[in-house]
Amino acid sequence: MEIDKVYEPQRFEPHWAEWWVEHNTYHAEAHPGEPYFSLAIPPPNVTGSLHMGHMFEHSIIDAQVRWRRMKRTPEGKSVDTLWLPGTDHAGIATQIMVERQLAEEGLSKRDLRRDAFEARAWKWKEQNGGRIVEQMKRAGVSCDWSRERFTLDPGLSRAVREAFVRLYEKGLIYQGDYMVNWCPRCQTALSDLEVEHEESEGSLWHIRYPVVGSDESIVVATTRPETMLGDTGVAINPLDPRAARLHPRNVKLPLTNREIPIVLDEMADLAFGSGAVKITPAHDSNDFEAGKRHELPSIQVIGEDAKMTAASGKFAGLDRYEARKRIVSELKELGYLEKIEPYKLNVGKCHRCKTVVEPLVSKQWWMKMKPLAAPAIAAVEDGRITFVPANWSKTYFEWMYNIRDWCISRQLWWGHRIPAWHCGDCKTVTVARETPTQCSKCGSAKLTQETDVLDTWFSSGLWPFSTLGWPDDTADLRAFYPTTLLVTGFDIIFFWAARMIMLGMEMMGDVPFRQIHIHGLVRDAERQKMSKTKGNVVDPLVVNDKYGTDAVRFGLLVAAAPGNDIALSEEVIARGRNFANKIWNASRLLFSKDPGAGSRTSLADRWINSRLNAAVKTANESFKDHRYHEAADAVWTFFWDEFCDWYLELKKSDTDWGFAYQVHERALLLLHPLMPFITEELWHRRGHETSIALEPYPEYDPALEDAAAEREMRAFVLILTSVRQRRVEQKIDKKHELIIYVRATGEWFDVIQDNASAIMRLENLKLEIENGSPTGRLTKLSGRNSNQVIWGCLFEGQEICKLGFEIPEITRPTNDRKDRVKKDIEQLEKVIANSKRQLENESFVAKAPAHVIDGMRVKLAEYEAQLAKNRVALAE
RNA sequence: GGGCCCGUAGCUCAGUUGGUUAGAGCGCCUGCUUGACACGCAGGAGGUCACAGAUUCGAGUUCUGUCGGGCCCACCA
């Protein structure tokens, strides 16, 4: 078997990425009623390019999916395993990209008709939308590409209409004029979630409103003085001492000719500012409600373009911030400005374009959330859906209990157009699955479709079942719903996960997934968020190529404790690369050997088999619990520290490598979910022709636990470590053969005898073994200079053998060594004292479990033996 | 204002139901071109687990408080 001298993932990763797709390796068959595992990908935006966040999420998902695909039922049957891929049309995000492209041609959206714009957007999608999919394929994610979906596919559009109509017919979707978050740049309403609040340094302007027919005036405080032009009332608290004399009166609104009433309302906090609040029903949601309570008119002074409207009089046409400056200066000139205080306030910004949103009243479509939330809350409360880590359910509940209606309409051109038709005659709205030809009320044919589209998250909310063919009763739907698992970031729990649960419960009558794994964020080495503007992004396309995809995956996963953020640097990735390199080179060594018969098994063989079994156990348990860092760590320790550093080294003096091949093969299977490329490559180099991804995953077998082998091996590790320490301390080069005298009782004598050659070769030793009682001095040492000898008690503190060295060039123990021995002695004395105190404590002996007490006794004996050895060493 | 999380070796972090000298990677020190790998091998240094109490035979792990840091939600002008 040939294998390249250097690990160069670039030479085989693209090949396997293509091969897997061509061979449909990850195609899932739908067998309704049979055991299955299914997971719908969090669909990346079509606008996107693969970033580290995707890479991390996909590494987690892929590890889980590959593991599940390899698992067999207790009867040995494979499980239908589906990872369904797809992309999201990403309403605003995509529209912005297309607008940008148009702008480069000197065009704006309005220059095109809606149809033309949509066509343009589709063209853009065809040209650019496949990019992220190609990148995912190159990264080797094990999706079933035959089931790839896009949220604007005809099938998914049908699901959107079906869901919309059902909700509308149940009265859960309605149209109405309410205060919404309006983005003046995107020219659309936004949901509450699409507004990011950011604290900023602002001011609190105190403005004096003269009371009509009185010398008195009321001072109101505002953070947005430009809205005063739209004031239609002033509220004071009913308990305000001024209430009696001011209540049924008016104030004169400065800079205008309007008089507006003073009303009593508890919204005015006596303790805040001046105790009086201006009411601007058109530009603040609190005021909107207050306006309704007091039947105040609403005057819109800021338009959808964030410029002052005609209603603002001479300020009309000014940008809202320019208007603010002018209004403040005029108020100041006219003496209406009482004072200005610095003030911290939260400014809402559009999460797509960062423009400050304007609260405006407008007619929008809404979804009633309370009735939908109840079953979704229950599903998590009673455990039909569980969060990993469990703490996230609190965040979920917090939001769900306080949920507010969802503004689902967007004034965009890219998205699912709302299936509602307005009658030109009777103005009735007809909501229908199929495009109607006549008004449902008056029968008129003068119908025009609603121009708004749906929030992109509406279609995402249907994703776990719309992708499986819903509303049709398909085999896929019956075979794979509810999906098994959702893996996603905490940032879209509300946007997406919660809405999928609500819509899944409503449309399917069942949860959309049984588990939600919430992963952390990939940050840079300084724990800063990665962003293009900061220039601190680690681009997966670059590092996948430089270090190999396996390396990036492994680096990410070994650092990924559940829910925790990852501080990513190239060192983390290099760690993965180093591991892959190690696997590669270990395989090179192995493949240079004749497999042989594999019939005979040495102690090393039995030991590594037992260790592999332990690693298999940990890996399986860790994957089950989504503890990928633990799985990665277990396979790392097994492969590097045990398989390479001990097993292969010992094996070098063996002629029969058959067993090593068997262990190596199982190790590849064990590693595959974490490092799919290198394991596939090595699997084929071993002569297999089908994908390793479809092989059964190793299972833990209690019968393979070999306590005797592990105990015996520990003994050799102790001997060798002891020798190595001695060599370094006394600067005895490995070229010098050391003579080791060992006396052991019956069974240990045989063990040491049988394995002597391997140890001798490894450390250039000559072992002289004596069979006999462990006490007393070795006869072979009688009469020798004690300076040449150290004594040690080995084997888990049992005095099974004593050990002596003969050092060819006489050297006395160095001071360094003496210091260390002294330190060891001190430490041991402390630990021994502690253990003794514990064991003499009656409460401890009475209350602690037996294994803890026994364990401590064994340890104590071991400590004492070590102490004795150290004392002898010091006396040398 | 409400909620969540974190503070363990120089750095980045593990440490599941409390239990036997607290671990890893990187970095550091000392050796080593040992016939797979210097992306390596061997040996080593380094931690009063933020602080103060409490519970317990026993606390990095549970509880309370303090200090420090981060995140999310919220219509206090």
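Below, chain A is the first sequence line, B the second, and so on; all start at residue 1. These numbers come from the heavy atoms of this one structure, side chains and all, not from hydrogens, waters or symmetry mates.
- Note that CZ of A/Arg857 is 12.0 Å distant from CD of A/Gln838, once rounded to the nearest 0.5 Å.
- Side-chain rings of A/His664 and A/Tyr647 stay apart, their centers remaining 6.0 Å or farther from each other.
- The residue A/Ala586 sits close to a base: some heavy atom pair falls under 4.0 Å.
- Applying the 4.0 Å criterion to OP1 and OP2 of B/U12, one finds that A/Arg575 has every side-chain N and O outside that range.
- Across all strands shown, the partner of B/C63 is B/G53, judged by Watson-Crick or G-U wobble contacts whose two distances both fall under 3.5 Å.
- No engagement by A/Ala559 is indicated, since no non-hydrogen atom pair under 4.0 Å with the nucleic acid exists.
- Among the protein residues, A/Thr222 comes within range of the sugar-phosphate backbone only, with heavy atoms under 4.0 Å from sugar or phosphate atoms but none that close to a base.
- If you check every strand for non-hydrogen atoms under 4.0 Å, A/Arg724 touches sugar and phosphate atoms only.
- Residue A/Asn841 is in sugar-phosphate contact alone, with no base atom involved, counting any heavy-atom pair closer than 4.0 Å across all strands shown.
- For A/Asn402 and B/A74, the shortest distance from a side-chain N or O to OP1 or OP2 is not below 4.0 Å.
- Of the candidates B/C39, B/C72, B/G15, B/C72 carries the atom nearest the A/Phe494 side chain, counting heavy atoms from C-beta on.
- Checking the phosphate oxygens (OP1, OP2) of B/C41, a side-chain nitrogen or oxygen of A/Trp640 falls inside 4.0 Å.
- Look at A/Arg627 and you'll find a side-chain N or O under 4.0 angstrom from OP1 or OP2 of B/G15.
- The only option from A/Trp636, A/Phe638, A/Phe643 that meets the ring-ring contact (aromatic ring centres under 6.0 Å, His included) definition with A/Trp640 turns out to be A/Trp636.
- Taking only side-chain atoms of A/Asp633, from C-beta outward, the nucleotide of B/G43, B/A24, B/C4 with the closest atom is B/A24.
- For A/Lys582, whose side chain is taken as the heavy atoms from C-beta onward, the closest listed nucleotide among B/A36, B/A74, B/C4 is B/A36.
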**Item:** Stepwise side-chain contact (heavy atoms from CB on, under 4.5 Å) check, A/His283 with A/Phe288
**Value:** CA-CA 7 Å; A/His283 294 289; A/Phe288 178 75; over 6 Å; no
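- Using a 4.0 Å heavy-atom distance criterion, A/Arg523 is classed as making no nucleic acid contact.
- Under the Watson-Crick or G-U wobble criterion, with both distances below 3.5 Å, B/U21 has no partner in any strand shown.
- Within 4.0 Å of A/Pro359, counting heavy atoms only, lies no atom of the nucleic acid at all.
- Within the 4.0 Å cut-off from OP1 or OP2 of B/A36, at least one side-chain nitrogen or oxygen of A/Lys652 is found.
- No engagement by A/Lys734 is indicated, since no non-hydrogen atom pair under 4.0 Å with the nucleic acid exists.
- The gap from the C1' atom of B/G53 to that of B/U12 amounts to 32 Å, rounded to the nearest Å.
- A/Met267 comes within contact range of at least one nucleobase, with a heavy-atom separation under 4.0 Å.
- Residues A/Asp645 and A/Ala561 each lie close to RNA chain B; by heavy-atom proximity, the contact nearer the 5' end of the strand is made by A/Ala561.
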